[in-house]
2 protein chains.
Amino acid sequence: MSVSRYQQLAQTLRRQIDAQVWLPGDKLPSLRESCKQSGLSLMTVLQAYQLLESQGDIVSRPQSGYYVAPRQQVRRNHRTPQSLHTAEQIDVNDAIFDILKAAQDPDIVPLGSAFPDPTLFPQPRLARSLASAVRRMSAHSATANLPPGNEELRRCIAQRYAQQGIEVAPDEIVITSGAMESLGLSLQVLTEPGDWVAIESPAFYGALQAIERRQLKAVAIPTDAGEGINLDALEEALETYPIKACWLMANFQNPLGCSLSVEKKQRLVAILQQHNVALIEDDVYAELYFSADRPMPLKMSDHRQQILHCSSFSKCLAPGFRVGWVAAGQYAERIQRLQLMSTLSASVPVQLALADFLQQGGYDTHLRRIRRQLEQRQMAMYHAICSLFPVSVSVVLPDGGYFLWLDLGEQVDAVRLYQRALAKGVSIAPGTLFAVEDRYRHCIRLNTSFEWDSRCEQAIKLLAELVADEVKRAD
Amino acid sequence: MSVSRYQQLAQTLRRQIDAQVWLPGDKLPSLRESCKQSGLSLMTVLQAYQLLESQGDIVSRPQSGYYVAPRQQVRRNHRTPQSLHTAEQIDVNDAIFDILKAAQDPDIVPLGSAFPDPTLFPQPRLARSLASAVRRMSAHSATANLPPGNEELRRCIAQRYAQQGIEVAPDEIVITSGAMESLGLSLQVLTEPGDWVAIESPAFYGALQAIERRQLKAVAIPTDAGEGINLDALEEALETYPIKACWLMANFQNPLGCSLSVEKKQRLVAILQQHNVALIEDDVYAELYFSADRPMPLKMSDHRQQILHCSSFSKCLAPGFRVGWVAAGQYAERIQRLQLMSTLSASVPVQLALADFLQQGGYDTHLRRIRRQLEQRQMAMYHAICSLFPVSVSVVLPDGGYFLWLDLGEQVDAVRLYQRALAKGVSIAPGTLFAVEDRYRHCIRLNTSFEWDSRCEQAIKLLAELVADEVKRAD
């Protein structure tokens with residue numbers, strides 16, 4: 001029987017090596033450990049190891065143990081860009097997932113990505129702040145920074161509100177794992193399943209997903225790439241449906257890039273107040289403005305404490321940290337309770353590091369630099385599009401952020417374009433991602449945050465050719 | 001008009017100082033900044049600052065600017081322990097929130113807390129790993145560590161499964177923001193609102209909350225502090241209700257502390273397989289065993305890939321990091337999709353730090369030390385309870401973890417006891433937190449992880465006196 005047992009053990013180990021539990025060069029558990037764990041005799045385990053050694057899977061090193069054999073360096077399988085299930089009915093989930101995954105693949109130009117170019121951020125200074133935070137961490141940091149989150153960080157954020165003339169007390173702020181969590185928690189606080197909410201059309205796909213998860217009914221308010229949300233349509237919706245909350249972006253809307261004028265912001269807040277409807281304001285791109293002044297959030301006019309202002313450091317300072325917040329006013333405590341029962345709290349070391357970074361100063365210097373870079377890159381891509389794409393393609397130039405929204409004309413199928421471009425190593429975000437209804441099949445969103453180099457230029461050229469080809473086909 | 005304007009500005013600033021947006025000693029925005037932001041003239045702003053200065057709220061420092069005046073050091077308001085809304089009907093949410101908050105209050109002995117004593121963890125070594133991780137972070141770390149999460153960390157976790165003889169490939173593991181997130185995502189993947197799930201009674205309150213949030217129907221299976229879950233009752237439930245998933249703890253169950261025998265674990269998995277029901281296994285305390293060997297998870301016998309094994313580093317290594325995982329097998333990709341749309345990913349620096357810590361070795365040495373400490377502390381509190389509490393009180397000694405579950409006898413109201421104890425600076429977790437039905441009103445859970453010093457001893461003495469008093473009252 002011991003023959004089959006050692007073969008079984010060898011098979012198990014080989015499966016683990018194949019599954020990359022152990023990589024080439026990794027030390028395997030010692031014979032003694034393996035005996036203890038498997039309950040097999042030393043002889044059986046030794047036979048298994050020797051079998052694997054004879055087959056070249058592992059090697060023994062005298063006085064050290066057994067190691068996974070070095071292999072011919074196999075190039076890691078890059079995920080072949082996958083076509084969507086059908087061209088007929090795009091599954092928003094699948095497409096988003098593919099696009100987010102493509103952002104991880106160095107072989108794909110990620111123009112469909114929602115992430116800003118990672119090289120834009122002050123990596124060394126963030127590292128210093130993290131190192132400094134670590135030195136100041138105590139045993140009690142874990143419980144001391146439970147929701148609502150690190151006190152210094154909340155105070156720094158409140159000070160930035162104060163500098164804009166907006167009164168938000170540190171106690172009204174809850175630190176979260178990125179803005180996505182603060183938006184989701186806000187939606188949970190304001191609604192019950194079955195409730196109606198108003199959103200923009202097109203809208204951030206994260207909003208669509210959150211609404212679906214919460215089993216809400218949504219009214220999509222037409223939103224224009226130049227003018228932003230149609231307020232007459234919003235008023236009509238508020239009069240027609242028992243809407244419990246709105247979820248909107250007033251600055252550099254995703255995917256359109258548009259911002260509301262000051263007058264329109266005031267009218268929007270007045271309309272919501274008149275109907276006594278709470279607002280979830282997604283304002284994650286607000287720091288990335290190109291004009292002289294920071295655009296004001298809708299929160300500015302929140303005299304009734306009905307606006308939950310959500311933002312983060314993920315787009316403008318530290319993408320991988322996953323730290324966001326919501327200025328939740330009267331809802332702050334209910335947000336905390338939900339957070340305690342879903343993720344407990346944001347990670348402590350990164351909260352401390354961001355507080356350190358903000359206290360050290362230099363955040364505004366960084367922001368000025370990144371704004372200038374983003375503006376230059378946006379302009380470069382914009383000009384390339386204007387000169388290379390068919391004249392039938394329309395695009396509005398936003399005043400901040402890093403998205404361009406292209407209307408390719410009714411005859412172009414953006415989903416097919418997405419598939420064709422991905423097959424050639426370029427990802428784009430088809431308009432179908434940004435609405436439940438099939439209204440933006442001829443639109444795409446492009447990410448302009450990347451350095452305008454020949455790779456980017458080639459990608460835009462490729463897209464221009466594909467679009468021209470789609471237009472020609474349709475004729 | 002300028003009189004009222006400068007007074008208004010002064011009022012705004014004073015409100016911000018009161019709300020601790022600016023702390024004593026903080027530098028206020030410069031006159032120039034303040035002009036720009038408020039749109040007021042330099043003279044108006046200066047008048048406002050001078051008014052505040054004359055009232056002692058702020059001080060000016062030549063060539064530097066205005067600062068919030070140092071105040072008589074007011075002792076920060078410690079939250080007065082609050083009584084529950086009514087003694088009649090305890091709101092689980094409120095009580096949990098109060099207890100978690102009490103864990104942050106240094107004036108309260110947090111025996112009701114779910115958090116392990118923060119001084120148990122290798123703070124300096126974690127700090128070194130974080131510093132080392134920071135040095136290795138690149139611009140691309142943010143996107144490279146999107147779900148399923150850091151590859152090295154997933155491999156380290158897979159290796160620990162392998163060392164237990166459990167086959168889990170790194171690709172089946174998804175890194176999350178603590179186990180709470182992995183449990184919640186697992187529940188979302190396995191169920192739709194309205195579905196039935198089976199849970200233990202009593203159960204971890206996080207499970208009750210997640211089930212409520214997902215709008216599920218729950219069957220609570222009687223679970224004994226000595227023997228664990230009643231499998232006959234589970235079988236009956238599976239035959240009676242269309243149960244879609246179970247959510248259970250087989251090792252050091254929270255709140256009971258009990259573990260299932262090997263035979264019972266095998267029978268449990270067989271029953272679930274027979275009924276084709278998926279299992280969410282919450283195994284966060286498994287590393288904290290006092291016996292010779294690590295207890296096996298139910299996942300061990302998961303031949304049908306129907307067990308989602310959730311765990312974390314929060315109880316045994318790094319509480320504030322908020323890093324957990326789920327070994328989700330065939331469900332791994334669906335978990336990732338949900339995560340991308342809720343928190344996007346776990347924080348990157350802490351993922352890298354934990355990978356570094358695990359690769360450096362020494363985790364098992366740390367675990368051996370913490371297990372010994374927890375066992376000693378548990379024994380000390382247990383002996384004190386046995387000698388001080390009325391003989392009518394029963395308590396079972398678990399073989400790991402850091403909870404003791406006390407049955408105080410039917411005549412004791414644990415909610416009133418909780419209120420009385422909190423008023424004297426000791427928090428406990430009343431049994432009512434751990435079930436939807438009002439079945440454990442005479443039980444409490446105590447946290448045994450704290451150093452057994454005179455403070456802890458006094459707290460247990462106080463509880464013993466209060467319990468004796470409650471018993472006497474009832475007679």
Heavy-atom side-chain proximity of Asn150(A) to Val348(A) below 4.5 angstrom: no
Which of Ala142(B), Pro118(B), Pro29(B) touches chain A most, by non-hydrogen pairs under 4.5 Å: Pro118(B)
Region of Thr343(A) that comes under 4.5 Å of a non-hydrogen atom in chain B: both
Residue, of Ala318(B), Gly324(B), Gly178(B), Pro170(B), that accumulates the most heavy atom pairs under 4.5 Å with chain A: Pro170(B)
Which atom of Ala353(A) lies closest to which atom of Ser129(A), heavy atoms considered: O-CB, 3.4 Å
Pairing residues for Glu167(B) by the salt bridge (Lys or Arg N to Asp or Glu O under 4.0 Å) criterion, not counting sequence neighbours: Arg15(A)
Spatial distance of atom OG (Ser427(B)) from atom CG (Asn447(B)) [nearest 0.5 Å]: 8.5 Å
Side-chain donor-acceptor pair present, Ser347(A), Arg322(A), cut-off under 3.5 Å: no
Proximal component of Pro147(B), with respect to chain A [non-hydrogen, under 4.5 Å]: backbone
Gln215(B), part contacting chain A, at a heavy-atom distance under 4.5 Å: side chain
Among Met180(B), Glu181(B), Gln37(B), Gln336(B), residue most engaged with chain A (heavy-atom pairs, under 4.5 Å): Gln37(B)
Best-contacting candidate, Ser38(A), Ala346(A), Ser342(A), against chain B by heavy atom pairs under 4.5 angstrom: Ser342(A)
Option in Gly184(B), Pro349(B), Ala127(B), Ala158(B) with maximal non-hydrogen atom pairs under 4.5 Å from chain A: Pro349(B)
Structural part of Phe121(A) lying under 4.5 Å from a heavy atom of chain B: neither
Qualifying residues under side chain to side chain contact (heavy atoms under 4.5 Å, CB included), relative to Ala210(A), sequence neighbours excluded: Leu187(A), Arg213(A), Trp247(A)
Contact origin within Val21(A) toward chain B - heavy atom pairs under 4.5 Å: both
Top of Leu344(A), Thr119(A), Val134(A) for chain B proximity - count of heavy-atom pairs under 4.5 angstrom: Leu344(A)
Stepwise side-chain contact (heavy atoms from CB on, under 4.5 Å) check, Thr191(B) with Ile211(B): CA-CA 10 Å; Thr191(B) 64; Ile211(B) 285 165; over 6 Å; no
Lys/Arg N to Asp/Glu carboxylate O, Arg128(B) vs Asp356(B), below 4.0 Å: no
Heavy-atom contacts under 4.5 Å, residues 159-166 of chain A to chain B: Gln159(A), Ala162(A), Gln163(A), Gln164(A), Gly165(A)
Ser138(A), part contacting chain B, at a heavy-atom distance under 4.5 Å: backbone
Side chain, backbone, both or neither of Pro148(B) within contact of chain A (heavy atoms, under 4.5 Å): both
Most contacts with chain B, counted as non-hydrogen pairs under 4.5 angstrom, among Asn145(A), Leu185(A), Leu146(A): Leu146(A)
Under 4.5 Å from any heavy atom of chain B - which part of Asp117(A): neither
Atom of Leu317(B), atom of Leu354(B) and distance for their closest heavy-atom approach: CD2-CD2, 3.7 Å
Val168(A) portion near chain B, given a 4.5 angstrom heavy-atom threshold: backbone
Heavy-atom proximity to chain B below 4.5 Å, by part of Gln351(A): neither
Pairwise distance CD(Gln209(A)) to CZ(Arg214(A)) - rounded to 0.5 angstrom: 16.0 Å
Ion pair Asp26(B)/Arg155(A), N-O distance below 4.0 Å: no
Interatomic spacing from OG in Ser34(A) to CG in Leu9(A) - rounded to 0.5 Å: 5.0 Å
For Phe313(A), all residues meeting ring-ring contact (aromatic ring centres under 6.0 Å, His included), sequence neighbours excluded: Trp325(A)
Main-chain N/O of Phe97(B) paired to Arg337(A) side chain as donor or acceptor, under 3.5 Å: no
